[in-house]
Protein chains: 2
Amino acid sequence: MKPSVVTIEPNGHFCSDCAVRGAAVCSSLNTAELREFEHLGRRVHFDSGDTVFSEEDITTSFYNVLEGVMRLYKLLPDGRRQIVGFALPGDFLGMNISGRHNFSADAIGVVTVCQFAKAAFGRFIEDRPHLLKRINELAIRELSQARDHMVLLGRRSADEKVATFLLGWRDRLVTPKGPPDTVPLPMSRQDIADYLGLTIETVSRTFTKLERQGVIEIIHGGISLLDPARAEAMAAA
Amino acid sequence: MKPSVVTIEPNGHFCSDCAVRGAAVCSSLNTAELREFEHLGRRVHFDSGDTVFSEEDITTSFYNVLEGVMRLYKLLPDGRRQIVGFALPGDFLGMNISGRHNFSADAIGVVTVCQFAKAAFGRFIEDRPHLLKRINELAIRELSQARDHMVLLGRRSADEKVATFLLGWRDRLVTPKGPPDTVPLPMSRQDIADYLGLTIETVSRTFTKLERQGVIEIIHGGISLLDPARAEAMAAA
DNA sequence: CGGCGTCATTGATCGGGATCAAAAACGTCA
DNA sequence: TGACGTTTTTGATCCCGATCAATGACGCCG
């Protein structure tokens, strides 16, 4: 486990010009609250591959992802890894009841987070039930995603898993002008394999197969969705 | 989908003599609140196999399990089923953000729930942040369980899955005097298979194997844990 | 430009768990 | 008690995805 090389921005930051202001937990705060909130968090940068926090670490902070992608995963004693999700800007990390993180989080590419000290954040939330409500909503949404993921892992074939992953990932990258046809995949094949409960070879083979069938085109750093309808059909089963 | 045959208790019920009073969401309420809360919920009985609610149904109620066991599951269009969890007394069901349940719930054996109309419950919670906090805790705990389940489904062998299930189930049935050595299994082999992402045949074979190895003894309606240590070893990998 | 480390792809083979099939155990009810 | 439906167990075989192995494609830095 190499130590995280992080950079803390020396100058203050401003919520008002924050990229995820409308989407993240902060969306539940009014202007006055946002001002106070500003002093609680600090922007922290992580480089590609850095570990932001580890499973079993005592939780000292909450994190609001501002930019970049993170892999969230659990390890078995013998090294097997299950990626339980990918975090994108707007995602809120660090909630738990045991006082310890129950998964690890690495940066995939450069990542910026808004980091909050647990105690200060806890105090801030205490008398702001609307923020608590917002956090609860995020937790419930994640729970729903987690259950979908269980179905994927437990009951779908390799082809279905890969097709579902590509469509699901595309849908998480929707821009104001709809879902992109060219889907960037910043994570490695190994990451995708560990997310889907497959091996890297099976993922690679399935990508090649989809390409030969004209469903996708494999491009540098991602794929191009040539035939979304057929991909949907494969994913739906 | 057969219609649920339910019985609504004609007489009122009292939170004060409720079996799950200390464990469930209600544990966050004081005596005065509990009195008011009493009028919101009504006890409802379900028979074995009844569907309490279905995936995609519009959510009209929340449920607090009082007694019995429920299977929570999602179905694929072609009939494949993934059980995402089993609900026990004290579990709180019905939270979602889409306005629809995102899984179905059946009674396994006789079940009693405390049912709350969504709107009334929503109003009650509005100015009681401690109840919201309690619900949030339950959601976060479930999220943690869901992630553990993902590891199970994605990265473990059949033997490990079955051993982990038996130990995990036993631990959920802890009594004041510790975990029982004889573990009741009210759910069918098919349910266990759908929970673990296996087939019924594999589950049955694994049970037999564990029995031949002297780890468990298969008894009527459950198993007896003869060698917990060895079961732990199998589960840990 | 070339050497090297990392990651992705492709091929050959293996095996765990699925599938197909049948028998056994169990519960229910006439 | 016995016939029948359901659930569980056991057996035989198959196949999808894992494993083992090699090659290919990149990126990085001298």
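Side-chain atoms are counted along with the backbone in the values below, which use heavy atoms only and exclude waters and symmetry mates. Chain letters run A, B, ... following the sequence lines, proteins first, then strands; residues in each count from 1. Note that the structure is a prediction, hence the values are computed from the model and not measured.
Contacts of residues 205-217 of chain A with DNA chain C (heavy atom under 4.0 Å): A/Arg205, A/Thr208.
Here B/Thr202 pairs with B/Thr199 under the side chain to side chain donor-acceptor pair (under 3.5 Å) rule; sequence neighbours left out. Scored by the ring-ring contact (aromatic ring centres under 6.0 Å, His included) test, B/Phe92 finds B/Phe62, B/Phe121 as partners (sequence neighbours excluded). Under the side-chain contact (heavy atoms from CB on, under 4.5 Å) criterion, B/Asp159 pairs with B/Ser157, B/Thr206, B/Lys209, B/Met234, not counting sequence neighbours. The side-chain contact (heavy atoms from CB on, under 4.5 Å) search around A/Pro184 returns A/Leu173, not counting sequence neighbours. Every residue two or more places apart in sequence or in another chain that forms a side chain to side chain donor-acceptor pair (under 3.5 Å) with B/Asp106 is listed here: B/Thr51, B/Arg71, B/Tyr73. Listed by chain and number, the residues in a side-chain contact (heavy atoms from CB on, under 4.5 Å) with A/Ser98 are A/Asn96, A/Arg100 (sequence neighbours excluded). Legend: residues meeting ring-ring contact (aromatic ring centres under 6.0 Å, His included) with A/Tyr195, ordered by chain and number and at least two apart, are A/Phe86, A/His149, A/Phe165.
A/Gly221 comes within contact range of no nucleotide atom at all, as no heavy-atom separation falls under 4.0 Å. At the heavy-atom level, A/Ser188 lies under 4.0 Å from the strands shown only through sugar-phosphate atoms.
Annotation: the span from B/Arg156 atom CZ to A/Gln82 atom CD amounts to 11.0 Å, rounded to 0.5 Å.
Where the helix from C/dC1-D/dG30 to C/dA30-D/dT1 starts and where it ends, the local axes point in directions that differ by 30°; five pairs per end, rounded to 10°.
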Show me the side-chain donor-acceptor pairs of residues 214-222 of chain B shorter than 3.5 Å, one per line, residues at least two apart or across chains.
none

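Aromatic ring centres of A/Phe116 and A/Tyr63: separated by at least 6.0 Å.
Of the residues near DNA chain D, A/Thr199 and A/His220, the one whose nearest nucleotide (by heavy atom distance) lies more toward the 5' end is A/Thr199.
Contact detail for A/Gly109 and A/Ser48: the closest heavy-atom pair is N-OG, 3.2 Å.
You can see that DNA chain C meets the heavy atoms of chain B within a 4.0 Å-exclusive cut from C/dG17 to C/dG27, reading 5' to 3'. Note that the first and last nucleotides of DNA chain D, 5' to 3', having any atom under 4.0 angstrom from a heavy atom of chain A are D/dG17 to D/dG27.
Under the 4.5 Å side-chain criterion, counting only non-hydrogen atoms from C-beta, B/Gln190 is in contact with B/Arg81. A/Leu196 places a side-chain heavy atom less than 4.5 Å from the side chain of A/Ile192.
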